[in-house]
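Below you'll find the structure, written out as structure tokens, and then a few comments.
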Amino acid sequence: MWEQRFAAMGYLSIFVLPVLLVLGAYIGEPALAMGTALIAYPAARAVFGSCRRPPVWREGLATLLHALPLLYAVALVVAVVLLLLTLRTDEPATALGRLGLGGSLALTLLFATCPAHELLHRREARHARVGAWLAGLGGYPWLCIEHRHHHSGAPSRSAAESPRWDESAWTFSARRIAAIARDVHRLCGLNAGSCRTALMASHVREACGVTALSWAMFTACGGWTGFLLYAFAVVIVTLGMQVMTYIQHWGLAAHSITQAQPQIAWEDDCQFQAWVTLHISFHQSHHRQPTLPFYRLAMSADAPRLPAGYIVLIAVCLIPSVWRLLMRPAMDYWARQPLKPLSSGHRLSCFHVYPAAPSDRVRHDL
């Protein structure tokens with residue numbers, strides 16, 4: 001029982017950034033949430049180590065965990081309101097302070113897409129609607145449309161659902177943003193004024209309304225500073241979502257490795273990362289069972305393992321040469337031994353786990 005309670009408490013980490021966002025603005029340390037996400041989150045691997053299989057949850061704990069993303073949505077709204085009140089009376093006086101607050105807001109809203117993502121996958125219409133609103137507050141109201149396509153089949157390279165082997169994160173992000181814009185135009189019928197699915201149209205309109213309202217509130221409370229803060233957050237969240245897709249699906253295709261099930265996504269076994277992202281890091285398992293609640297999702301035994309956590313890899317993938325230097329050995333190892341994934345345990349990263357093997361490099365389909 002105590003083991004289950006400890007495992008369940010780990011998911012409370014999703015509330016850390018909203019709390020630190022408000023606290024940092026209040027005490028005059030606007031970069032507090034950003035610093036925590038960039039430094040403490042990757043370092044948490046050394047404390048919590050690798051993931052274990054999810055327990056068979058007691059009914060009461062499972063019910064609480066099922067409600068957690070909804071509670072997060074309420075908490076984020078409260079945090080944003082408190083931030084707006086602080087911004088109205090005491091906005092950062094220096095450019096560095098405003099940049100720190102913008103980074104903290106952007107990373108908080110980027111991590112908010114994880115509970116939004118969980119809610120959008122639920123069968124309960126009310127939960128999916130809250131997920132759309134949460135994505136709208138996060139400055140990414142297209143999540144419900146984008147994600148429906150992302151799960152419609154094996155991620156397609158031509159449709160910018162997964163990157164090509166030799167494609168940079170920058171090129172893929174631009175290609176994917178353009179594809180999402182086309183999908184939004186086509187599915188929501190900007191000319192026809194209708195959508196293929198009335199419920200989807202309703203979710204998108206409401207999410208866009210939440211984004212517009214949030215932007216207006218930041219502008220009203222913070223003037224040009226508030227306007228630019230939210231604009232900066234929207235840009236970072238939009239780019240961050242595409243980069244995450246790049247990391248999760250880079251170099252993989254259904255025909256790249258011959259196995260019983262197609263390999264379409266990388267996974268990471270960091271326990272803290274699984275908690276704070278609500279198991280988005282178990283990405284291949286999520287694609288295979290998209291409606292399974294996060295607290296019941298386990299890693300795939302045959303999925304390729306990322307050589308570091310998301311925060312580290314987001315920075316690395318922005319430098320294409322460094323990204324390929326890091327990822328090619330990981331890809332080659334998995335291609336040779338797909339059922340023997342390596343774990344970094346309590347190490348901050350597992351860069352050294354995948355040594356380059358030029359003489360035994362697997363030929364990949366481009």
Side-chain angles (χ1 to χ4, degrees), residues 3-4 6-11 13-14 41-42 44-57 61-62 65-66 68-69 111 114-115 117-118 121 147 150-151 154-155 162 244-254 256-257 259-314 326-327 329-351 353-354:
E3 182 180 355
Q4 286 200 18
F6 174 76
M9 288 176 62
Y11 296 109
S13 59
I14 65 175
Y41 278 17
R45 179 188 283 275
V47 178
F48 298 105
S50 301
C51 294
R52 297 167 290 278
R53 289 194 63 85
V56 179
W57 297 101
L61 279 176
L65 289 174
H66 199 72
L68 200 63
F111 275 90
C114 298
H117 164 270
E118 168 68 19
H121 274 285
H147 219 62
H150 193 61
H151 281 272
S162 68
M244 286 298 300
T245 301
Y246 180 86
I247 291 169
Q248 290 162 342
H249 297 282
W250 176 83
L252 298 175
S256 60
I257 301 294
Q259 290 185 314
Q261 289 184 292
Q263 310 305 307
I264 57 177
W266 294 80
E267 295 192 346
D268 182 66
D269 68 350
C270 175
Q271 179 64 75
F272 182 79
Q273 183 167 260
W275 283 333
V276 80
T277 64
L278 300 185
H279 290 206
I280 283 179
S281 52
F282 297 177
H283 207 64
Q284 182 153 281
S285 288
H286 169 64
H287 270 267
R288 289 175 176 172
Q289 299 174 291
T291 60
L292 193 68
F294 69 93
Y295 50 89
R296 301 194 191 280
L297 199 63
M299 296 190 74
S300 295
D302 58 346
R305 297 290 192 264
L306 289 168
Y310 286 156
I311 293 294
V312 173
L313 291 180
I314 285 174
L326 176 64
M327 291 296 293
M331 172 69 84
D332 290 344
Y333 173 87
W334 169 74
R336 294 192 306 269
Q337 303 186 69
L339 297 180
K340 295 181 179 180
L342 298 179
S343 171
S344 58
H346 286 265
R347 293 187 293 272
L348 294 182
S349 68
C350 51
F351 297 141
V353 168
Y354 297 106

Distance from [X] atom [atom1] to [Y] atom [atom2], nearest 0.5 Å?
X	Y	atom1	atom2	value
Phe272	Cys51	CZ	SG	12.0 Å
His286	Leu297	NE2	CG	8.0 Å
Ile311	Arg45	CD1	CZ	12.5 Å

Of the non-hydrogen atoms in [X] and [Y], which two are nearest, and what is the gap between them?
X	Y	answer
Leu252	Pro304	CD1-CG, 3.9 Å
Gln273	Ser281	NE2-CB, 3.8 Å
Ala8	Leu61	CB-CD2, 4.1 Å
Leu313	Ala308	CD1-O, 3.3 Å
Gly309	Asp268	CA-OD2, 4.2 Å
Tyr310	Ile280	OH-O, 3.6 Å

Return the set of residues passing side-chain contact (heavy atoms from CB on, under 4.5 Å) with Ile14 (not counting sequence neighbours), or none when no residue passes.
Leu68, Tyr72, Leu278
With Ala301, which residues qualify under side-chain contact (heavy atoms from CB on, under 4.5 Å), at least two apart?
none
Under 3.5 Å: donor-acceptor pair, side chain of [X], backbone of [Y]:
X	Y	value
Trp334	Asp302	yes
His121	Pro290	yes
Glu267	Ser300	yes
Ser50	Cys270	no
Gln4	Val56	yes
Arg296	Phe294	no
Trp266	Ala303	no

Specify whether [X] and [Y] have parallel, tilted or perpendicular ring planes, treating 30° as the upper limit for parallel and 60° as the lower limit for perpendicular.
X	Y	value
His287	His283	perpendicular
Phe282	His279	tilted
Phe48	Phe6	tilted

Tyr41: what forms a side chain to side chain donor-acceptor pair (under 3.5 Å) with it, not counting sequence neighbours?
none
Going by heavy atoms in the side chains, are Trp250 and Met331 under 4.5 Å from each other?
yes
Can you find a pair of side-chain heavy atoms, one from Met327 and one from Leu306, that are under 4.5 Å apart?
yes
Can you check side chain to side chain contact (heavy atoms under 4.5 Å, CB included) on Leu65 and Trp57, steps first, answer last?
CA-CA 10 Å; Leu65 289 174; Trp57 297 101; 3.8 Å; yes
Please assess His66 against Tyr295 for the test side chain to side chain contact (heavy atoms under 4.5 Å, CB included), listing each intermediate value before the final yes or no.
CA-CA 8 Å; His66 199 72; Tyr295 50 89; 3.0 Å; yes
